[in-house]
Student: 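Questions regarding the structure given below will be posed in turn.
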Amino acid sequence: MEKFKAVILAAGKGTRMESDLPKVLHKVCGQTMVHYTIAAAKEAGATDVIVIVGYQSQLVKREIIDYVEYAEQREQLGTGHAVMCAQEQIGEEGDVIVLCGDTPLITAQTITKLKEKHKKESNGVTVLSAIVDDPTGYGRIIRDEDGNFIKIVEHKDCTEKELLVNEINSGMYVFNAEALSSSLKRLTNNNAQGEYYLTDTISIIKTAGLKVNAMPVDDVNEILGVNTVKQLAEAEEIMKARQGLKEETE
């Protein structure tokens, strides 16, 4: 069986939550946020789930009830660096999905759909995107006239024209493991923040001649990242409504 691994970014502190608790341990409907992401990955067929821990790593490990592997990011040097910390565990076989520990509303159905598109198109990487009314602050998915993926541009680097694009990057991706591995080796931190960005691997993979595409999510709530207490409350409301619907249909 072809390998399908999941890497979950869960090393951040979450300063805007105004709490000492690591961000991914904040609860939605009685479960930690990271639990929902792990459960969705497993339901979508991930054979190995690797959680990248950093801030208060011992506490995060203690609170995670699911069977997972861990990789430690001792310094917070960006998303690319976080994935580098799990490079040995990821290996070079099959595919790997990178998810965020603070997006509890992502579903197994969406992960499966993204994985299937990735396979069908034989992509080096497939980005989960979303079409939103207000793209402020998000990286934009730039396509050509025919709808082919060109690049991701961070909000602050967008031209006037690019700012009008309302397809955004969710920060979740399915990679061919071998393509991810070789692109991570070529990542640099030559930017204003001095960080290694996972988005830079996409242009490296595309330059290497592999196919790259993006798939907009059906329900934009699924990519809702929780950074504040207000967003946590929003996620709780959406999850309650979702669980209510599930109970009604069962």
Side-chain angles (χ1 to χ4, degrees), residues 1-12 22-54 57-73 79 82-83 85-120 123 125-128 130 170-177 180-181 198 215 217-219 221-226 235-236 238-240 242-243 245-247 249-250:
M1 196 176 112
E2 181 145 293
K3 283 197 185 307
F4 180 55
K5 296 185 175 185
V7 171
I8 298 175
L9 306 178
K23 183 161 71 162
V24 298
L25 296 186
H26 286 269
K27 291 188 174 175
V28 172
C29 296
Q31 298 276 13
T32 61
M33 287 202 283
V34 70
H35 165 74
Y36 290 106
T37 310
I38 295 167
K42 288 190 171 182
E43 200 187 318
T47 43
D48 305 65
V49 177
I50 304 143
V51 179
I52 313 282
V53 292
S57 59
Q58 293 307 347
L59 180 61
V60 176
K61 287 180 183 179
R62 201 166 65 230
E63 290 293 318
I64 289 178
I65 53 173
D66 313 87
Y67 180 74
V68 296
E69 294 175 43
Y70 294 99
E72 190 122 12
Q73 185 187 21
T79 47
V83 178
C85 295
Q87 202 160 353
E88 274 185 35
Q89 286 143 295
I90 294 167
E92 296 191 355
E93 287 177 56
D95 293 313
V96 56
I97 186 160
V98 177
L99 298 165
C100 310
D102 63 354
T103 53
L105 300 167
I106 189 71
T107 64
Q109 289 80 352
T110 293
I111 294 172
T112 302
K113 201 171 157 188
L114 187 69
K115 179 176 74 167
E116 285 169 356
K117 180 182 176 75
H118 177 79
K119 271 269 165 275
K120 191 171 156 210
N123 293 334
V125 56
T126 311
V127 181
L128 184 64
S170 72
M172 295 179 248
Y173 320 86
V174 174
F175 288 91
N176 166 287
L180 175 62
S181 178
L198 190 60
M215 182 191 90
V217 69
D218 294 328
D219 174 6
N221 284 334
E222 286 195 37
I223 67 151
L224 184 74
V226 174
E236 174 107 10
I238 296 163
M239 188 69 81
K240 274 184 189 159
R242 195 188 274 179
Q243 289 176 349
L245 280 174
K246 200 173 164 197
E247 282 163 19
T249 54
E250 277 173 1

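Everything numeric in this text was worked out from a predicted model, so none of it was measured.
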Student: Between T103 (side chain only) and I106 (backbone N and O only), is there a donor and an acceptor less than 3.5 Å apart?
Tutor: no
Student: Decide yes or no for F175 and V83: does some side-chain heavy atom of the first lie under 4.5 Å from some side-chain heavy atom of the second?
Tutor: no
Student: Going by atom types only, do E63 and T32 share a side-chain donor-acceptor pair under 3.5 Å?
Tutor: no
Student: Against M215, only a single residue in V127, N123, L114 fulfils side chain to side chain contact (heavy atoms under 4.5 Å, CB included); can you say which?
Tutor: L114
Student: Are any side-chain N or O atoms of Y36 and backbone N or O atoms of V28, one a donor and one an acceptor, separated by less than 3.5 Å?
Tutor: yes
Student: Got V226 and M33 here, is their nearest side-chain heavy-atom distance under 4.5 Å?
Tutor: yes
Student: Would you name the heavy atoms of L59 and P22 that are closest together and state the gap between them?
Tutor: CD2-CD, 3.7 Å
Student: Nearest 0.5 angstrom please: K120 NZ to E116 CD, how far?
Tutor: 9.5 Å
Student: Is the closest side-chain heavy-atom distance between I90 and L180 below 4.5 Å?
Tutor: yes
Student: Please find the pair of heavy atoms, one from C85 and one from A71, that lie closest to each other, and give the distance.
Tutor: O-CB, 3.6 Å
Student: Run the side-chain contact (heavy atoms from CB on, under 4.5 Å) check on K117 and V174 step by step: do they pass?
Tutor: CA-CA 10 Å; K117 180 182 176 75; V174 174; over 6 Å; no
Student: Below 4.5 Å, heavy atoms only, C-beta onward: do S181 and Q87 meet side chain to side chain?
Tutor: yes
Student: Give me the atom names and distance for the closest heavy-atom approach of D95 to K119.
Tutor: OD2-NZ, 2.6 Å
Student: Side chain of D66, backbone of V68: donor and acceptor closer than 3.5 Å?
Tutor: no
Student: Show the nearest heavy-atom pair for residues T107 and A40, with the distance to one decimal.
Tutor: C-CB, 4.0 Å
Student: With heavy-atom distances below 4.5 Å as the criterion, would you say the side chains of I8 and I50 are in contact?
Tutor: no
Student: Taking the side chain as every heavy atom from C-beta outward, state whether R242 and L105 have any atom pair closer than 4.5 Å.
Tutor: yes
Student: Determine whether a donor-acceptor pair (N or O, by modelled atom type, separation under 3.5 Å) exists between the side chain of E2 and the backbone of G94.
Tutor: no
Student: Can you tell me how far the CG atom of L99 sits from the OG1 atom of T110, to the nearest 0.5 Å?
Tutor: 11.0 Å
Student: Do K5 side-chain atoms and Q89 backbone N/O form a donor-acceptor pair below 3.5 Å?
Tutor: yes
Student: Would you check if Q243 and M239 make a side-chain contact, meaning some heavy-atom pair closer than 4.5 Å?
Tutor: yes
Student: Decide yes or no on side-chain contact (heavy atoms from CB on, under 4.5 Å) for V53 and Q73, but give the supporting numbers first.
Tutor: CA-CA 6 Å; V53 292; Q73 185 187 21; over 6 Å; no
Student: Of the non-hydrogen atoms in A82 and L9, which two are nearest, and what is the gap between them?
Tutor: CB-CD2, 3.8 Å
Student: Hey, are the side chains of I97 and F4 touching, using non-hydrogen atoms and a 4.5 Å cut-off?
Tutor: yes
Student: Report the distance from atom CG of L128 to atom SG of C100, rounding to the nearest 0.5 Å.
Tutor: 9.5 Å
Student: Would you say CD of E88 has more than 12 non-hydrogen atoms from neighbouring residues, nucleotides or ligands within 6.0 angstrom?
Tutor: no
Student: Might you work through the side-chain contact (heavy atoms from CB on, under 4.5 Å) test for H35 and I64, ending with a clear yes or no?
Tutor: CA-CA 7 Å; H35 165 74; I64 289 178; over 6 Å; no
Student: Are the side chain of T79 and the backbone N or O of L198 linked by a donor-acceptor pair below 3.5 Å?
Tutor: yes
Student: So, taking the atom named CG in D102 and the one named NE2 in H26, what distance separates them when rounded to the nearest 0.5 Å?
Tutor: 10.5 Å
Student: Look up atom CG in N176 and atom CD in E93, then write down how far apart they are to the nearest 0.5 Å.
Tutor: 11.0 Å
Student: Please name the pair of heavy atoms, one in A177 and one in V96, separated by the smallest distance, quoted to 0.1 Å.
Tutor: CA-CG1, 4.2 Å
Student: Would you give the length of the straight line joining atom CD1 of I52 to atom OG of S57, rounded to the nearest 0.5 angstrom?
Tutor: 12.0 Å
